[in-house]
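Contents: one structure, followed by commentary.
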Amino acid sequence: MTLTLNRPEKLNAFNEELHLAVRAGFEQAQLDPEIRAVLLTGTGRGFCTGQDLSDRDPTKGAPDLGHSLETFYNPLVRMIRALEKPVVCAVNGVAAGAGANIALACDITIAARSARFIQAFSRLGLVPDSGGTWLLPNRIGEARAKALALLAEPLDAETAAQWGLIWRVVDDDRLPEESRSVAMRLAAGPTVGLGLIKNAIHAASANTLDAQLDMERDLQRQAGRSRDYAEGVSAFLAKRAPVFTGR
Ligand code: LHQ
């Protein structure tokens, strides 16, 4: 399933309508066994610039931004992470604020060479949200995480890849094809096993090696019962390409 953020005149900033549409997309991805991978991208020259600030009127008193996170952004990040299918993000242009962190919350993030990541929050007096304060230090360490969040300077895609913040960078004109090819490859993969890989890797940062070994045992037990495991082994022994059905 491809989900394309489509408010290019606002660099795909989120308003309520866009939130509800994206949520509906991920809910469908969760429920429909025919959907075996999700590709998230944007139209125009931006990927997503987070909250639509033109929706906000500072003269109307202090808003409850926590409510906005609780209602929209946190459920979206949780949904992307919990989806037992791979989510690929094709960052077609600037990704700012919550838009940057949603891109980083996806399982495989591929950026166009011209894309930039901006932790824009501190420009507004805010704190990185949508998982930013967790994802950044986990991936790139405290020094880089703090500088990005405190200074809110754009980080170019190449550096983001070198630092291990994203998977890779491709030339702008190659992004649609490359990201689609990664998503299609995953969609043709052993979906049960791929979902379990996500679970295991997400659990790792909070686990000891000992606990993680136990988890791997349990997940492998589950994976070993999948039809795709049987197919993978049969295909290997027959020296042919496997045909996975996602079950
Ligand atoms: C926008 C936006 C935008 C409205 C571009 N809103 N119009 C969560 C929970 C609750 C509340 C608060 O926040 C959050 C989390 C957040 O996401 S807070 C962070 C929100 N995002 C930002 O602070 C980024 C705002 N955008 C920018 O700083 C710039 O647009 C960047 C640096 C991303 C790109 O700059 P340029 O390439 O120079 O483009 P531009 O600024 O000219 O943008 C093009 C148009 O898009 C422009 O409209 P206009 O009518 O002048 O053509 C912008 O106003 C509009 N736009 N982002 N978030």
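One is the number of the first residue; the rest follow in order along the sequence. Atoms within each ligand, like the ligands themselves, are counted from 1 in listed order. The structure displayed is predicted, hence computed values, not measured ones.
Distances below 4.0 Å separate heavy atoms of Gly50 from the following atoms of ligand 1: 17 (O). Short contacts between ligand 1 and Ala120, defined as distances under 4.0 Å to a heavy atom of the residue, involve ligand atoms 22 (C), 23 (O). Those atoms of ligand 1 with a heavy atom of Ser68 less than 4.0 angstrom away are 9 (C), 10 (C). Proximity to Asp52 (heavy-atom distance under 4.0 Å) selects the following atoms of ligand 1: 4 (C), 6 (N). Ligand 1 places these atoms under 4.0 Å from at least one heavy atom of Leu69: 8 (C), 9 (C). Interface atoms of ligand 1 facing Ile118, defined by a heavy-atom separation under 4.0 Å, are 32 (C). Those atoms of ligand 1 that come under 4.0 Å of a heavy atom in Leu65, given as number and element, are 10 (C), 11 (C). For ligand 1 and Ala13, the ligand atoms under 4.0 Å from any heavy atom of the residue are 3 (C), 6 (N), 58 (N).
Checked by atom type and distance alone, the side chain of Glu216 never pairs as donor or acceptor with a backbone atom of Ala200 at under 3.5 Å.
Nearest to atom 27 (C) of ligand 1 among the protein's heavy atoms is Arg123 NH1, 5.0 Å. When only non-hydrogen protein atoms are considered, atom 41 (O) of ligand 1 lies nearest to Leu11 CD1, 4.9 Å. The closest protein non-hydrogen atom to atom 58 (N) of ligand 1 is Gln51 O, 2.8 Å. Counting only heavy atoms of the protein, atom 45 (C) of ligand 1 lies nearest to Glu9 O, 3.5 Å. The single protein non-hydrogen atom nearest to atom 20 (C) of ligand 1 is Thr49 O, 3.4 Å, given as residue, atom name and distance. In this structure, the protein non-hydrogen atom closest to atom 1 (C) of ligand 1 is Lys10 O, 4.0 Å. The protein non-hydrogen atom at the shortest distance from atom 40 (P) of ligand 1 is Arg45 NH2, 3.8 Å. The protein non-hydrogen atom at the shortest distance from atom 14 (C) of ligand 1 is Asp129 OD2, 3.4 Å.
Within a 4.0 Å radius of atom 32 (C) of ligand 1, the protein contributes at least one heavy atom. Atom 37 (O) of ligand 1 lies below 4.0 Å from at least one non-hydrogen atom of the protein. The protein does not reach atom 52 (O) of ligand 1 closely, with no heavy atom under 4.0 angstrom from it. Atom 17 (O) of ligand 1 lies below 4.0 Å from at least one non-hydrogen atom of the protein. Atom 29 (C) of ligand 1 is never approached by the protein to below 4.0 angstrom, counting heavy atoms only.
Between Tyr73 and His19, the ring planes lie perpendicular to each other; the angle is over 60°, past the 30° to 60° tilted range.
Checked options Asn12, Thr43, Asp52; the residue passing with Arg7 is Asp52 (criterion: side-chain hydrogen bond (donor to acceptor under 3.5 Å, both in side chains)). When each of Thr191, Val38, Asp107 is checked for a side-chain contact (heavy atoms from CB on, under 4.5 Å) with Lys85, only Thr191 meets the rule.
Crowding of Glu158 atom CD: a count of heavy atoms from other residues, nucleotides or ligands under 6.0 Å exceeding 12. Residue-environment remark: CH2 (Trp167) stays at or below the threshold of 12 foreign heavy atoms within 6.0 Å.
Using a 4.0 Å cut-off between charged side-chain N and carboxylate O, Arg23 and Glu16 make no salt bridge. With respect to the salt-bridge test (charged N to carboxylate O, under 4.0 angstrom), the residues Asp171 and Arg113 qualify. Salt bridge annotation for Glu177-Arg174: present, with a cationic side-chain nitrogen under 4.0 angstrom from a carboxylate oxygen.
The CD atom of Glu27 lies 4.5 Å from the CE atom of Met79; values are rounded to the nearest 0.5 Å. Annotation: the span from Met1 atom CE to Gln30 atom CD amounts to 11.5 Å, rounded to 0.5 Å. Between the CD1 atom of Ile110 and the CD atom of Glu178 there is a distance of 7.0 Å, given to the nearest 0.5 Å. One finds the CG atom of Asp156 at 8.0 Å from the CD atom of Gln162 (value rounded to the nearest 0.5 Å). Going from atom CD of Gln119 over to atom OG1 of Thr133 covers 9.5 Å, rounded to the nearest 0.5 Å.
Taking distance alone, with nitrogen or oxygen atoms compared against 3.5 Å, Ala98 approaches ligand 1 more closely than that limit. Geometrically, ligand 1 and Phe121 share no nitrogen or oxygen pair separated by less than 3.5 Å. The shortest N or O to N or O distance between Arg56 and ligand 1 is not below 3.5 Å.
For the residues Ile102, Leu126, Leu124, the heavy atom positioned nearest atom 19 (C) of ligand 1 is part of Leu124.
Residue contacts with ligand 1, taken as heavy atom pairs separated by less than 4.0 Å, do not involve Phe14 at all.
The shortest non-hydrogen separation linking Gly189 to Arg36 is O-NH2, 2.6 Å.
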